[in-house]
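A short worksheet on the structure shown next.
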Amino acid sequence: MKNLLIILLILVFGFIAFLLVKDDFFDSKLNGLEVVPSNAIFVFETNDPVGYWNNLVNQPVWEKLHNLPALADVESQLVLLDSITGKNGNLDKYLKGHRFRLSLHPIGKGAFGFLISVAFENEHFFEFLKNLEEGPDNGIPGLKKRNYSGVELYEFKTERGEQTFTFTRFENVLMGSHTSFLVEDGIRYAKSLELKNFKQSQPHLFQPSTPLNSRGVLRFSGEGFAALVNELTDDNAELLLKNLRENKLSSNLVPAFSDTSILFSGQMYTNGTTGTMEFEGNVPSGLSFAPVISNRAAWVTQYLFSSFQGFKQIPNLAFKPRPLIVATLDESLEIQDFLNGLGGEATMVLEENLFDRNPNQILLLHPENTARRYLNLEKFALEVSQNDSTKLFKEYFMGKEIFMLDIEEFPAHIFEGNFTGFSRSYVSMAGDHLIIGNSLKTVKNLLEDFYNDNTWGKSFAYKDLLKEQNNGAPIRLILNNDRFYPILIQNSDAAWSPVFQKYAPIFRSFDWLNISIFKEGSVQINLDIDLGEPEINRQMILSESRSTSFDKPLIFGPKGIQNFNDRSTDFLVQDEDNFIHLISGEGERVFSQRIPGAVLSEVHQIDYFKNGKLQLVFATRDFIYALDRYGNLLPEYPIPFVEDKEIAFLNVLDYDNNRSYRYFVADTEGDLYLYDQKGNLLEGWSPNTNSAGPLSYMPGHHREPGLGDFMVSLHNNGKLNLFNRKGESKVGGGILLGDGISTAYAIEESKNKEPSKLVTVNEAGEVINVNFKGELTYRNQLLRPDTDTKFNLVNDQNKSDYVWVIEEYNKLKVLKPNEQVFFEMSIPSSALEYKYFSFGDGNKIFAVLDKVQDFAYLYNGKGQLINQKPISISQSLWINFSGSENEYTLVTVYGDKLYEYKIPL
C-alpha cells in the first residue's frame, strides 16, 4: 500500500511539472464563445469587424438601414469601443485578426439586446484597462467601476445620457453591451461548467465548413428566431412558427450586398444535420401557379419536385400522423389513384390573416388530369361520409362546386407532415389547378380573385418575380412585404407596434423576401430594398372616365351585372318614369324597358334555360320580374305577389348549383314565402307566418357541415328564426337577440369543427354571436355614449367581410370585426348610408353616403379619406378592383347621369 501511494504521488507531481514547463499552459485563451449564452437568436462573427462595418456603411442600402434602432444600437456600441481605445484608428488595429462576435439576446418581455465580445490572441489591447485603473476618468467622463462575481465591470453614460454602456474583460475576452445583464450573463456562462453556451447548444453551426473570415458569418438559431417573432407579435405567431421550432431549423449565412438588396447564402440544418435532398429529374419552374396565386397572398411557399417522391425528402418532424387516418388513406383506392397522378409541384399560400390562430391557408396543386384527381377526392369524401350523399357538405360559388373533406390535417397526412393547419379541407378547382383551403371563405376568395384576374398571373411584376426565382431550387419561399407589413402592424405587441409605425419609411422600403433552398441543403436569402422614398400616405387620385346621360333623373342603381358573353360588367339603373336601363361597360345602352313599379330588391342573376346565358331577377312591391339581356320578360313572368301584400325583400337561392332556383321572399309584415322559378309557392312557405314582425335584413340560406340547411330570417323585434327547407323551425320558437335589431347580419365560418356563427348587433349596441345549434356564444356591449347612438353591421359586396359602424351625435366610428377601431370621422349629415368593399387586406374601401347633401366620402383600408372633394351621388355606388390594372373602378348615379371613375393605386 505504501509503495502504491508513492507511485501515485510521483504521477501527480510529474503531471504538475509537465504543466509548469508547457509554454502555453498559463497562456491558454478562451475562443470567446464561452461568454455567449445559449438563448442567442443569432451570432455574427468576423475577424475584421471595422473593415466589415466600413464596407456596410458605404453600401447604398445603408441609407435605408442606418435609421433602424437595432443597427443604430450596434453602431453606437462600436463608436463607444472606438472611444475607449483612443480613436485614431486604434479600434481597427486592435480588432483586426481577432475573433469579433455580435449576438442578439432576449432581455425581457418584448425586449432584446446586443452583446459584443472580442477574443484576443494577445494582451496588448488591455493596456487601456491599466490606464483606466490608474485614472478612471482617463478619456471617459463619469466612468464607474463595480464588481460582479469577482470581475471588474466598467460603466458610463452615453453622450445623451439615455443609456449606460457596460464593458469588462474576462480572461482574454472583452465584452460590452448597453444591457449590463448581458455582460453579467456572459461572465456567468464563462465560469459555469453546467450552463451550455451557444456553441455547445448548436455545435453543428461551428463546423470547419464555415470558418471565421473577414466576410463574416451569421450563425442563426431557428428556435431563437421563433422566440423573437413571438415576442414581437405577442404570441400571435406561435402556430405559424411551430414547425420552425420543432424541426430545430438553423443555418450559417454569409452576408453580401448589392445596390438594392441584401443577400445571405450558406447552409441550412434540420435538427443539427444538413437537409440534403436526393431526387431525379429537373426542378420545375413553378410559373404554372401564377394564374391561381391571389394578389391577397402575403407568404407563398413553393415545392417544386420532379415527382411526388420528392416530398419524402422533407418530412415535417413536428407533425404526428394519426394511425386511424393513415390506415383510412392507405385502404382507399381513390386516394391511391389520387397519389399516382399527383406529381411533385405544390404551392402553399397564406393570406392577410397571417398571424391569426387559424390563418387562411390554401394549397394549390397542379396534378396530371386535374378533373380526375378532383373526382378522386370527391369520391373519397363520400366514403368518409359513409357513402351518404346527404352528409357530404357541398357549397357553390361563382358557378364552382366546393366540397368539404372532413379529415383532420388531410394535406399533412398526404405530404409527409407538410401543410398543417387544415382541421377541415375545402376542395375546388380553378382552371387546371386543384385548390384545397382550410376554410370555405379562403376558397371563395380565391375563386373570386381567379375570376376577376386578381392574381399574380395577371400582374407583370408578380409574374416576373416567379421568373426571377426560377433558379433550380426545389423549395422557394416568397414574402410580399406590401401585404406583410400591414399584418405586422396589426398583430405586433403593443410595445412594438408604435416602433414599426414610427420607422414605417424603412420597413416599407423592404420589398420582397425570397428564400431558396437547394438540393444540397444550401440556402439563399435575398431581401430586396427599394431605395426610393416609399409613398406611405400617397393620396389616391379619383378621376372621371365616362358618363352616360338619361332623359329623366335616376331613382335606382347602379347594380353591377355580369355580361355572360365576355365577363365584363354591365350596369342596371331605373329612372323616375320606371324605365329600367341596362348599360354596357363601354357606356352603350343595351336596352330600356318600362315596368310598372320601382325596383326595391337586390338584382340577382339566374341561368333560367340552363344554357350559360344569364337573366336578371328583381322585385317591385307587387311582382317578381325576370328579364333576359335584351329586356324581354321570361315565360310566365312577372310573377304576381300575394294579393294585398307587399314585397319587402327578395333573395334567390340555388341549393345545389343545379339551376333549380328558389325565390325567398319576405313581405312588409315579416311573413316568409318560397317560390320555385315557375312562380309556384312551396309547401310550408305559403306563407310561413312566424308572427315575428318585419325583417331587418334580406332572408337567407346557409348550409352548415353536419347540421344541414338553414333558412334564416332576422326581425326588427330582435328575433332570429332558423328553419329547415320545409319551413319547420330548427330552434324551437326562435332566438331573441335583444329588444330590437335594425341592421344586417353576417356569417362567420369557424375554422375548427365548431359550428359557424351568425353575427349581428342590436339597437342597444350589444354584439351577439349565435351558432347554428342555436347557442349564444358571445355577447359584448359596444361603447354607447347616449341613448340616440345607432349601431350597424355593414357587409362587403360578397358578404364575406364586414365592419361595425357606430353613429353618434357628431361622430362616426367604424370598427373592424374584432371590434378594434378602423377609423373615425365627423358626421356630415343626419341621414347616412354605408357601403363596404373588400378585395383583400390593403384593398378595402368604406363609403359614407350623405343622403341630404348627395355626397359620398371614400375611405381606404387605413381609414384615410381618398377623395378630398366629395363625389356627387344621389342613389348608390358600385366599386370593383382590377389586379391586372392595379386600380379601382367606381360607378355611381347623380341626377340623370351614370358616372364612371378610375382610382389608380
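Throughout, numbering of the chain's residues begins at 1 and tracks the sequence.
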How far apart are the closest heavy atoms of [X] and [Y], and which atoms are they?
| X | Y | value |
| --- | --- | --- |
| Phe422 | Met348 | CE1-CE, 3.6 Å |
| Met175 | Gly186 | SD-CA, 4.0 Å |
| Gly32 | Ser117 | O-OG, 4.2 Å |
| Thr46 | Asp48 | OG1-N, 3.1 Å |
| Pro37 | Asp185 | CG-OD2, 3.7 Å |
| Arg476 | Ser516 | CG-OG, 4.4 Å |

Separation between [atom1] of [X] and [atom2] of [Y], rounded to the nearest 0.5 Å:
| X | Y | atom1 | atom2 | result |
| --- | --- | --- | --- | --- |
| Asp482 | Phe510 | CG | CZ | 13.5 Å |
| Asn252 | Glu45 | CG | CD | 8.5 Å |
| Arg101 | Asn47 | CZ | CG | 10.5 Å |
| Asn295 | Asn843 | CG | CG | 8.0 Å |
| Arg169 | Tyr154 | CZ | OH | 8.5 Å |
| Ser103 | Leu115 | OG | CG | 4.0 Å |

Side-chain donor or acceptor of [X] paired with backbone N/O of [Y] under 3.5 Å:
| X | Y | value |
| --- | --- | --- |
| Asn526 | Leu263 | no |
| Arg296 | Glu351 | no |
| Ser192 | Glu194 | yes |
| Asn197 | Gln200 | yes |
| Gln361 | Thr442 | no |

Quiz item: Asp511 and side chain to side chain contact (heavy atoms under 4.5 Å, CB included): which partner among Asp528, Leu527, Leu479?
Solution: Asp528

Would you check if [X] and [Y] make a side-chain contact, meaning some heavy-atom pair closer than 4.5 Å?
| X | Y | result |
| --- | --- | --- |
| Val349 | Val300 | yes |
| Ser177 | Thr166 | no |
| Leu205 | Phe198 | yes |
| Phe319 | Phe415 | no |
| Leu477 | Leu513 | no |
| Tyr269 | Gln202 | no |
| Val36 | Tyr189 | no |
| Phe167 | Phe156 | yes |

Self-check item: Thr260: side-chain hydrogen bond (donor to acceptor under 3.5 Å, both in side chains) partners, not counting sequence neighbours
Solution: none

Exercise. Sort out for me which residue in Phe42, Phe225, Phe264 forms a ring pair (Phe, Tyr, Trp, His ring centres under 6.0 Å) with Phe220.
Key: Phe225

Exercise. Dump the intermediate steps for side-chain contact (heavy atoms from CB on, under 4.5 Å) on Ser38 and Leu195, then the final yes or no.
Key: CA-CA 8 Å; Ser38 58; Leu195 296 174; over 6 Å; no

Self-check item: Residues that Leu56 engages under side chain to side chain contact (heavy atoms under 4.5 Å, CB included), provided they are two or more places apart
Solution: Trp53, Trp62, Phe257

Exercise. Take Tyr148 and Val183 through the side-chain contact (heavy atoms from CB on, under 4.5 Å) test and state the conclusion after the steps.
Key: CA-CA 10 Å; Tyr148 176 79; Val183 178; over 6 Å; no

Exercise. Using the side-chain contact (heavy atoms from CB on, under 4.5 Å) rule, take Phe822 and Leu815 through it: C-alpha gap first, then chi angles, then the decisive distance, then the call.
Key: CA-CA 5 Å; Phe822 187 179; Leu815 310 181; 5.7 Å; no

Quiz item: Counting heavy atoms not belonging to Lys191, are there more than 12 under 6.0 Å from its NZ?
Solution: yes

Quiz prompt | Derivation and outcome, side-chain contact (heavy atoms from CB on, under 4.5 Å), residues Met277 and Ile475 | solution = CA-CA 10 Å; Met277 294 171 274; Ile475 302 176; 4.0 Å; yes

Self-check item: Test side chain to side chain donor-acceptor pair (under 3.5 Å) applied to Ser221 and Glu223, step by step
Solution: CA-CA 5 Å; Ser221 165; Glu223 293 179 84; 5.2 Å; no

Quiz item: Between the side chains of Glu520 and Ser522, is a donor N or O closer than 3.5 angstrom to an acceptor N or O?
Solution: yes

Quiz item: Among side-chain atoms of Gln524 and Ser265, is any donor-acceptor pair under 3.5 angstrom?
Solution: no

Quiz item: Would you call the rings of Phe44 and Tyr52 parallel, tilted or perpendicular, where under 30° means parallel and over 60° means perpendicular?
Solution: tilted

Self-check item: Qualifying residue for side-chain hydrogen bond (donor to acceptor under 3.5 Å, both in side chains) with Glu155, from Lys144, Arg146, Lys145
Solution: Arg146

